[in-house]
Colleague: 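I am attaching a structure below and will ask some questions about it afterwards.
Numbers restart at 1 for each chain; the letters A, B, ... are given by sequence-line order, proteins then strands. All values below were derived from every heavy atom in this structure, side-chain atoms included, with hydrogens, water molecules and symmetry-related copies excluded.
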There are 2 protein chains.
Amino acid sequence: MGKRTSPELESGRNDNGLGGNGRDETIYRNLFTAIVENHLAPGTKLPEDTLAETYGVSRTSIRKVLQRLTHERLVDVRLNRGASVAQPSVGEARDIFSARRVIECGAIPLVVSKATPAALDGLRDLVRRETAAQERGDWRESIYLSGAFHVALIGIAGNETLTDFLTQLVSRSSLAIATYGSPQTASCRHSEHDDVITIIAGGDVEGAMQWMDRHLRDVERTVVFAEEEPAAADLKKILEEVAQRRTKLR
Amino acid sequence: MGKRTSPELESGRNDNGLGGNGRDETIYRNLFTAIVENHLAPGTKLPEDTLAETYGVSRTSIRKVLQRLTHERLVDVRLNRGASVAQPSVGEARDIFSARRVIECGAIPLVVSKATPAALDGLRDLVRRETAAQERGDWRESIYLSGAFHVALIGIAGNETLTDFLTQLVSRSSLAIATYGSPQTASCRHSEHDDVITIIAGGDVEGAMQWMDRHLRDVERTVVFAEEEPAAADLKKILEEVAQRRTKLR
DNA sequence: ATAAGTTTAATTGTATCCAAAACACCTCTA
DNA sequence: TAGAGGTGTTTTGGATACAATTAAACTTAT
């Protein structure tokens, strides 16, 4: 697995609020990364026994981690049927990007007012690493850093609650991308990200908000044009399609 | 406990995403209500045994509920020290209201564009019940309905994700109010809520956003002027104060 | 051979059990 | 008398055991 030296993303606070004593924190991060970086495809079942063996702990700990991921909407749990990697519906995917527009645009005034040179340098560094990853074709790292950039940008506002919300939205965006988008189109193209740093550095609130709105709409557009159910509503529809084919053939 | 016929508030989806099989869902709601309506003061310890006996289940189920409430930031859990009702710091309280301004103002355009007469009638009904509760001095119901109004308003946007976020923020606002505010000032005064319905019905996006921003700043102002730590940082400070008193006295 | 019904296996939900940590009380000492 | 140290109790963290539910395999009858 990619050894990640700087966890810019990953669930808000690492001193996690529940009784995570380090071990299940590790398990959580492993699963989180596996899901968000699309090592586990949406819909993949996550049996408690398997995970328990994998990490050498009892199901108890696994269930705790699974519950956390469920709360973050990265896994779905149905009664007596266990957990699986979440498959955002088209509607959910839209909601996620809509919510991102609300939060990321709405936080821009705070960000601009609190943007220090040091903070902007941190952003620039992320962009540098993002373009580097992009040039060497490491799309996984590229997507990761793209998300990390958005989180870090809002992080400048200094509002932990908002940052947590956005972190969750960015993770879920990755899931939506994995479910509907083509991998290469997914990461924000040509490091547009540099542009917004300039705009923010110039103190142009209105411009930054417009940039962000357009940027997020661009990303969404490359992703959700699949329009209809991913693999669900299968049987009936498939059978009907088959029926039509056969009538055509004869 | 108040028999509540219409659960407008309460954690996003009632068909909860985790394995809640009805029984622990009930436990969750009871605890949720007890915390949000301030039957349990912030800081109150929540021992697992006690809760288990109270609800006639094993600690296992209690821990699940407690974890959920922890994720929603309504309880704090410290390693090996158990759970207690969360005490938002002043900084957190500010962040909560700041986040509410971002989300509730940012969602206004969506709300206005999707506002149907039926939806507005639903809002009016909530206001009616809120003023009724206020007039009969039922401040608990009044606060509840005030929060429910804000959630229902954003709910018109039809974005479940945003609604979930706001639901959490409103619950945490109640905790902040319980921690810092005086009860009667807490509920939004004189049913201002009616005003925004009119503005929205008129299609005035800009006006509605300004109203919401001012409204939330008003609510925040009546609450967080305590400025400094609630009861924390006790020992040292208290001892120092006592020391000063004694030097004055002699 | 297919479809329904029944039995078997696998997986989750819940309770109980044990170990470790925190807390309270009590004693002993300076 | 105040403080340090130690013992016992309470409470939490985690694993295991058992019950309940679902999914799968197999049988049987049409």
Side-chain angles (χ1 to χ4, degrees), chain A residues 14-31 40 43-71 74-86 231-232 234-236 239 242-243, chain B residues 14-31 40 43-71 74-86 231-232 234-236 238-239 242-243 246:
Chain A
N14 292 343
D15 60 332
N16 72 337
L18 64 88
N21 63 355
R23 183 163 46 173
D24 44 7
E25 182 68 21
T26 304
I27 299 174
Y28 164 78
R29 290 204 193 176
N30 276 0
L31 263 179
L40 295 174
T44 305
K45 276 220 62 179
L46 301 171
E48 299 177 357
D49 281 336
T50 308
L51 297 177
E53 286 175 24
T54 302
Y55 294 108
V57 296
S58 79
R59 282 174 48 212
T60 310
S61 314
I62 296 299
R63 289 175 70 112
K64 182 157 49 163
V65 171
L66 249 26
Q67 201 195 346
R68 184 169 167 194
L69 290 166
T70 299
H71 187 261
L74 295 179
V75 319
D76 277 344
V77 174
R78 286 174 321 184
L79 184 60
N80 284 324
R81 297 200 176 173
S84 42
V85 179
D234 1 312
L235 194 67
K236 196 176 159 191
L239 292 182
V242 172
Chain B
N14 292 342
D15 60 332
N16 71 338
L18 64 89
N21 64 355
R23 183 164 46 170
D24 45 6
E25 182 69 20
T26 304
I27 298 173
Y28 165 78
R29 290 206 194 175
N30 277 359
L31 263 179
L40 296 174
T44 305
K45 277 221 62 178
L46 301 171
E48 299 176 357
D49 280 335
T50 308
L51 297 177
E53 287 175 23
T54 302
Y55 294 109
V57 296
S58 79
R59 281 174 50 213
T60 309
S61 314
I62 296 298
R63 293 177 64 159
K64 181 158 48 165
V65 172
L66 249 26
Q67 277 176 339
R68 183 168 167 194
L69 290 166
T70 299
H71 285 139
L74 295 179
V75 317
D76 276 344
V77 173
R78 284 173 323 183
L79 185 60
N80 284 324
R81 299 204 174 171
S84 41
V85 179
D234 0 312
L235 195 67
K236 195 176 157 191
I238 290 177
L239 292 184
V242 172
R246 293 189 68 178

Colleague: Check the distance between dT11(C)'s P and Ile62(A)'s CD1 and give it to me in whole angstrom.
Modeller: 15 Å

Colleague: Output the distance between atom CG (Leu31(A)) and atom CG (Leu74(A)), rounded to the nearest 0.5 Å.
Modeller: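 Between Leu31(A) CG and Leu74(A) CG, I get 10.0 Å after rounding to 0.5 Å.
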
Colleague: Take the protein atom CZ of Arg59(B) and the nucleotide atom P of dC17(C), then report the distance between them rounded to whole Å.
Modeller: 12 Å

Colleague: Using only side-chain N and O atoms of Lys64(B), determine if any of them is under 4.0 Å from OP1 or OP2 of dT14(C).
Modeller: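 Checking dT14(C) against Lys64(B), a side-chain N or O does come within under 4.0 Å of OP1 or OP2.
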
Colleague: Which residue is it: Leu69(B), Ile27(B), Asp24(B)? I am looking for the one with a side-chain contact (heavy atoms from CB on, under 4.5 Å) to Lys64(B).
Modeller: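 Of the listed options, the one satisfying the test is Asp24(B).
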
Colleague: Give one of base, sugar-phosphate or nothing for Thr60(A), where a contact means two heavy atoms less than 4.0 Å apart.
Modeller: base

Colleague: In whole angstroms, how far is the C1' atom of dA9(C) from the CG atom of Asn80(A)?
Modeller: 16 Å

Colleague: Where the side chain of Asp49(B) is defined as all heavy atoms beyond and including C-beta, which of dT11(D), dG13(D), dT14(C) is the nearest nucleotide?
Modeller: dT11(D)

Colleague: Taking atom types as they are modelled, is there a donor-acceptor pair under 3.5 Å from the base of dG14(D) to the side chain of Arg23(A)?
Modeller: no

Colleague: If I take atom CZ in residue Arg78(B) and atom P in nucleotide dT11(D), what distance separates them, rounded to the nearest angstrom?
Modeller: 16 Å

Colleague: So, Thr26(A) side chain and Gly22(A) main chain: donor-acceptor pair closer than 3.5 Å or not?
Modeller: yes

Colleague: Indicate whether OP1 or OP2 belonging to dT11(C) is found under 4.0 Å from a side-chain N or O atom of Arg81(A).
Modeller: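 No.
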
Colleague: Roughly, in whole Å, what's the span from CD in Glu48(A) to C1' in dA10(C)?
Modeller: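 My rounded result for the distance is 12 Å.
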
Colleague: On the nucleotide dA15(D), are OP1 or OP2 found under 4.0 Å from the side-chain N or O atoms that Ser61(A) carries?
Modeller: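 So the side-chain polar atoms of Ser61(A) do come within 4.0 Å of the phosphate oxygens OP1 or OP2 of dA15(D), strictly under.
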
Colleague: Could you check Gly56(A) against Lys45(B) and say which one's nearest nucleotide on DNA chain D is further toward the 5' end?
Modeller: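 Nearest-nucleotide comparison on DNA chain D picks Lys45(B).
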
Colleague: Run through Leu46(A), Val65(A), Val57(A) and flag the one making a side-chain contact (heavy atoms from CB on, under 4.5 Å) with Leu51(A).
Modeller: Leu46(A)

Colleague: In this structure, how many angstroms lie between the C1' atom of dT12(C) and the CD atom of Gln67(A), rounded?
Modeller: 14 Å

Colleague: Would you compute the distance between atom CD of Glu48(B) and atom OG of Ser58(B) and round it to the nearest 0.5 angstrom?
Modeller: 10.0 Å

Colleague: Examine dA15(C): is either OP1 or OP2 under 4.0 Å from a nitrogen or oxygen in the side chain of Ser58(B)? Give yes or no.
Modeller: yes

Colleague: In whole angstrom, give the distance that lies between atom CD1 of Ile27(A) and atom P of dG14(D).
Modeller: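 Atom-to-atom, Ile27(A) to dG14(D), this comes out as 10 Å.
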
Colleague: Figure out the CG/P separation between Leu79(B) and dA21(C), and round it to whole Å.
Modeller: 10 Å

